[in-house]
S.K.: 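Mind having a look at this structure? Questions to follow.
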Protein chains: 2
Amino acid sequence: MKGKHVSSETIRRLAVYLRYLELLYEKGVRIISSSDITNALNIPSTQFRKDLSFFGEFGKRGVGYDIGKLIKVIRGIIGIDKKVKIIIIGAGKLGSALIEYPGFSDMNIEIVGAFDNNPEKIGKKIANILIRDISEIEEFIKSEKIEIALICVPKEHAQNVCNILIKAGIKGILNFAPVKLITTGCVFVSNFDMSSEICNLMYSFKKCSQG
Amino acid sequence: MKGKHVSSETIRRLAVYLRYLELLYEKGVRIISSSDITNALNIPSTQFRKDLSFFGEFGKRGVGYDIGKLIKVIRGIIGIDKKVKIIIIGAGKLGSALIEYPGFSDMNIEIVGAFDNNPEKIGKKIANILIRDISEIEEFIKSEKIEIALICVPKEHAQNVCNILIKAGIKGILNFAPVKLITTGCVFVSNFDMSSEICNLMYSFKKCSQG
DNA sequence: TAGATTGTTAATCGATTAACAATC
DNA sequence: TAGATTGTTAATCGATTAACAATC
């Protein structure tokens, strides 16, 4: 099965598996079967095995998976075996909160820079991260070899910031502004859209209770 | 086509269409064709027509769609024709930032309550929203008829908070803690997982540049 | 009527799941 | 060997897209 196209769903699930495996490893567990991990995550065990099968064979039949080994394998597949340095554009309430978001470190992700266009913010620090002038962004991205940025600016500026980032050579963007950003080529955007997600919840439970 | 099962993808896209339609309406545009809206959003026009077809016929052949009418229709479909009152659990950095997130109001979504278990925070206000003791949550949900909550507590407490919310009768949860929450019945969770999304970006552009 | 655009059917594509042979 | 669990094939399911008849 190795070599076929791999979907985003599979990659996101690998990240979820990884987080759970790390948790188990910390607790001292060293071996797990596909059904044990998928029972905990509430998905079918075939999905776990299928997801891994795109990349090779990592288990032992009749036994299960070596957790330590699997953690390394998944980190390698995703590309987070080394530390991932990311930046934030927009040091408002949301951007500032994300700078201090504790969920990144488990995944080897570290925020190393923040940018804004407000002179009152530039030069100040949030949790040890200096807020820089947006005009310095291209140089920073290139010298620090940054591949991923989080956009936390008001929606009116989001596409403009997106274009600047692409020009500066960024490869992936996580967009928190409520607009759909358009990119081209090998630059990817995940639109993190809280309102759409709430709409989806509204519709789901309404339908569910209607039967 | 009316009556068939409708996917979450369709509902999320309806929300995206709605936001774009509102933007056009404000600019004074009153009529739009499926290809005009989908060109702007970078998707095929058949997808727009197909998404709407689950719910009825809303366009005029040879002409297009009346934007004002379509806005009302989509709001009705999703269930956001009236104001949607939501609450936040966890008044830390992220929770506080979300209380002031400006992207909700466009969608008729309003944050009406915040809860925490930290005595130093309880009784204070963030942007006019009183932070209440988590023990008051069940009463608040019932008296205010709250259906949706955002979980912004540390990951260790997230599943516990989730269980409390379900017991209190909540219907939808947007989870910002980096753990997959498990629910049952007509209670839905969207796990808003920034780390997995960054993993997905990492993998995507790595693959893309490899060809 | 002619041109434009919708709404829907059918074809395609891709993801999930069931089943089971392989093998530890 | 017997029991357990993997890895993979094939079947199923569902979502996207192409094509086009309907109709404004």
Side-chain angles (χ1 to χ4, degrees), chain A residues 1-17 21 24 29-70 73-74 77 180 196 200 203-204 207, chain B residues 1-17 21 24 29-70 73-74 77 180 196 200 203-204 207:
Chain A
M1 186 44 97
K2 223 177 143 177
K4 283 255 178 71
H5 169 79
V6 180
S7 70
S8 289
E9 285 84 354
T10 289
I11 302 299
R12 287 194 198 98
R13 279 193 300 264
L14 287 180
V16 173
Y17 302 151
L21 292 167
L24 290 178
V29 190
R30 291 293 177 265
I31 298 284
I32 195 168
S33 71
S34 58
S35 40
D36 284 347
I37 187 171
T38 54
N39 285 344
L41 298 171
N42 217 24
I43 56 170
S45 71
T46 42
Q47 187 141 69
F48 176 81
R49 299 201 297 278
K50 180 74 166 168
D51 286 337
L52 287 175
S53 78
F54 290 106
F55 305 98
E57 305 190 2
F58 310 109
K60 206 172 251 167
R61 292 171 199 232
V63 179
Y65 299 83
D66 180 300
I67 295 181
K69 184 186 153 196
L70 200 50
V73 164
I74 296 178
I77 291 168
K180 180 164 180 181
S196 311
N200 182 37
Y203 182 83
S204 299
K207 271 296 136 187
Chain B
M1 186 45 93
K2 223 176 141 175
K4 282 254 177 74
H5 168 79
V6 181
S7 70
S8 289
E9 284 85 353
T10 289
I11 302 300
R12 288 194 198 97
R13 279 193 300 265
L14 287 179
V16 173
Y17 303 151
L21 292 167
L24 291 177
V29 189
R30 291 291 178 265
I31 297 283
I32 195 167
S33 71
S34 58
S35 39
D36 284 347
I37 187 170
T38 54
N39 285 344
L41 298 171
N42 217 23
I43 55 171
S45 71
T46 42
Q47 187 141 67
F48 176 82
R49 298 201 299 278
K50 179 74 165 169
D51 286 337
L52 287 174
S53 78
F54 290 106
F55 305 98
E57 305 189 4
F58 309 109
K60 206 172 250 166
R61 292 170 198 233
V63 181
Y65 299 84
D66 179 299
I67 294 180
K69 184 186 153 195
L70 200 50
V73 164
I74 296 179
I77 292 169
K180 179 163 180 182
S196 310
N200 181 38
Y203 182 83
S204 300
K207 272 295 137 190

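We name chains A, B, ... by the order of the sequence lines, and we start the count at 1 in each one. Below, all heavy atoms of this structure are taken into account, side chains as well, without hydrogens, waters or symmetry copies.
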S.K.: Assess whether one donor atom and one acceptor atom, taken from the side chain of B:Arg61 and the base of C:dT6, lie less than 3.5 Å apart.
M.R.: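 Yes, a donor-acceptor pair under 3.5 Å.
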
S.K.: Under 4.0 Å: is that the gap between some side-chain N or O of B:Tyr65 and OP1 or OP2 of C:dA4?
M.R.: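 Result: no.
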
S.K.: Tell which nucleotide pairs with D:dA19, taking only Watson-Crick or G-U wobble pairs whose two distances are both under 3.5 angstrom.
M.R.: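 Looking at the geometry, D:dA19 pairs with C:dT8.
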
S.K.: Using whole Å, what does the distance between atom C1' of nucleotide D:dC13 and atom NZ of B:Lys4 come to?
M.R.: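 One finds 13 Å between C1' of D:dC13 and NZ of B:Lys4, rounded.
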
S.K.: Could you tell me if the side chain of A:Val6 sits less than 4.5 Å from the side chain of A:Ile77, heavy atoms only?
M.R.: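 Not in contact.
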
S.K.: Kindly point out which of D:dA15, D:dC24, D:dT16 is positioned nearest to the side chain of B:Lys50?
M.R.: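 The nucleotide sitting nearest to the side chain is D:dT16.
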
S.K.: When all nucleic acid strands are considered with a 4.0 Å heavy-atom cut-off, which category describes B:Phe48: base, sugar-phosphate, or nothing?
M.R.: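 No contact at all - B:Phe48 keeps every heavy atom at 4.0 Å or more from the nucleic acid.
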
S.K.: Would you say the ring centers of B:Tyr65 and B:Tyr17 fall short of 6.0 Å from each other?
M.R.: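 No, the ring centres sit 6.0 Å or more apart.
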
S.K.: For A:Ser33, which contact category applies under a 4.0 Å heavy-atom criterion: base, sugar-phosphate, or nothing?
M.R.: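 Sugar-phosphate contact only.
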
S.K.: Considering all heavy atoms of both residues, which atom of A:Lys180 and which atom of B:Ile43 are nearest to each other, and what is their separation?
M.R.: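 Residues A:Lys180 and B:Ile43, closest heavy atoms: NZ-CG2, 3.9 Å.
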
S.K.: Could you check how far CD1 of B:Ile37 sits from P of C:dG7, rounded to whole Å?
M.R.: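 Value for this atom pair: 13 Å.
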
S.K.: Closest to the B:Lys60 side chain: D:dC24, D:dT17, C:dA18?
M.R.: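 My answer, after comparing the listed nucleotides, is D:dC24.
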
S.K.: Of the listed nucleotides (D:dA15, C:dT8, D:dG7), which one gets closest to any side-chain atom of A:Glu57?
M.R.: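 Out of D:dA15, C:dT8, D:dG7, the nucleotide with an atom closest to A:Glu57's side chain is D:dG7.
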
S.K.: Under 4.0 Å between a side-chain N or O of A:Arg13 and OP1 or OP2 of C:dT16?
M.R.: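 So the side chain of A:Arg13 is within the cut-off, an N or O lying under 4.0 Å from OP1 or OP2 of C:dT16.
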
S.K.: Would you say the side-chain atoms of A:Asn39 pair up with the backbone N or O of A:Ser35, donor to acceptor, closer than 3.5 Å?
M.R.: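 Yes, the answer is positive, given that a donor and an acceptor are paired below the 3.5 Å cut-off.
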
S.K.: Within this structure, what is the CG-to-P distance between B:Asp66 and C:dT6, rounded to whole angstrom?
M.R.: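 Value for this atom pair: 13 Å.
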
S.K.: Tell me the interatomic distance from A:Ile67, atom CD1, to D:dT5, atom P, rounded to whole angstroms.
M.R.: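 About 14 Å, once rounded to whole Å.
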
S.K.: Indicate whether any N or O donor in one side chain lies under 3.5 Å from an N or O acceptor in the other, for A:Ser45 and A:Arg49.
M.R.: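 Indeed, the side chains of A:Ser45 and A:Arg49 share at least one donor-acceptor pair under 3.5 Å.
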
S.K.: For A:Phe54 and D:dT6, what is the distance between atoms CZ and C1' respectively, to the nearest whole Å?
M.R.: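 Going from CZ in A:Phe54 over to C1' in D:dT6 covers 16 Å.
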
S.K.: Can you check whether A:Ser34 has a side-chain N or O nearer than 4.0 Å to OP1 or OP2 of D:dT6?
M.R.: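 Result: yes.
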
S.K.: Within this structure, what is the CZ-to-P distance between A:Phe58 and D:dG7, rounded to whole angstrom?
M.R.: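 Distance, rounded to whole Å: 8 Å.
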
S.K.: Roughly how many Å is it from CZ in B:Arg49 to P in D:dT16, rounded to a whole number?
M.R.: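 It is 15 Å, rounded to the nearest whole Å.
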
S.K.: From the set C:dA18, D:dT16, C:dG7, return the single nucleotide nearest to any side-chain atom of B:Glu9.
M.R.: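 Among the listed nucleotides, the one closest to the side chain of B:Glu9 is D:dT16.
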
S.K.: When all nucleic acid strands are considered with a 4.0 Å heavy-atom cut-off, which category describes A:Ser7: base, sugar-phosphate, or nothing?
M.R.: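 Contact class for A:Ser7: sugar-phosphate only.
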
S.K.: What is the base-pairing partner of C:dG3, counting Watson-Crick and G-U wobble geometry with both distances under 3.5 Å?
M.R.: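 In the structure as shown, C:dG3 has D:dC24 as its Watson-Crick or wobble partner.
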
S.K.: Atom CD of B:Gln47 and atom P of D:dA15: how far apart are they, to the nearest Å?
M.R.: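 One finds 11 Å between P of D:dA15 and CD of B:Gln47, rounded.
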
S.K.: State the CD1-NZ distance between A:Ile67 and A:Lys69, to the nearest 0.5 angstrom.
M.R.: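 Between atom CD1 of A:Ile67 and atom NZ of A:Lys69 there are 13.0 Å.
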
S.K.: Under 3.5 Å for both donor-acceptor distances, Watson-Crick or wobble: does D:dG14 have a partner, and if so which one?
M.R.: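 Across any shown strand, D:dG14 pairs with C:dC13.
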
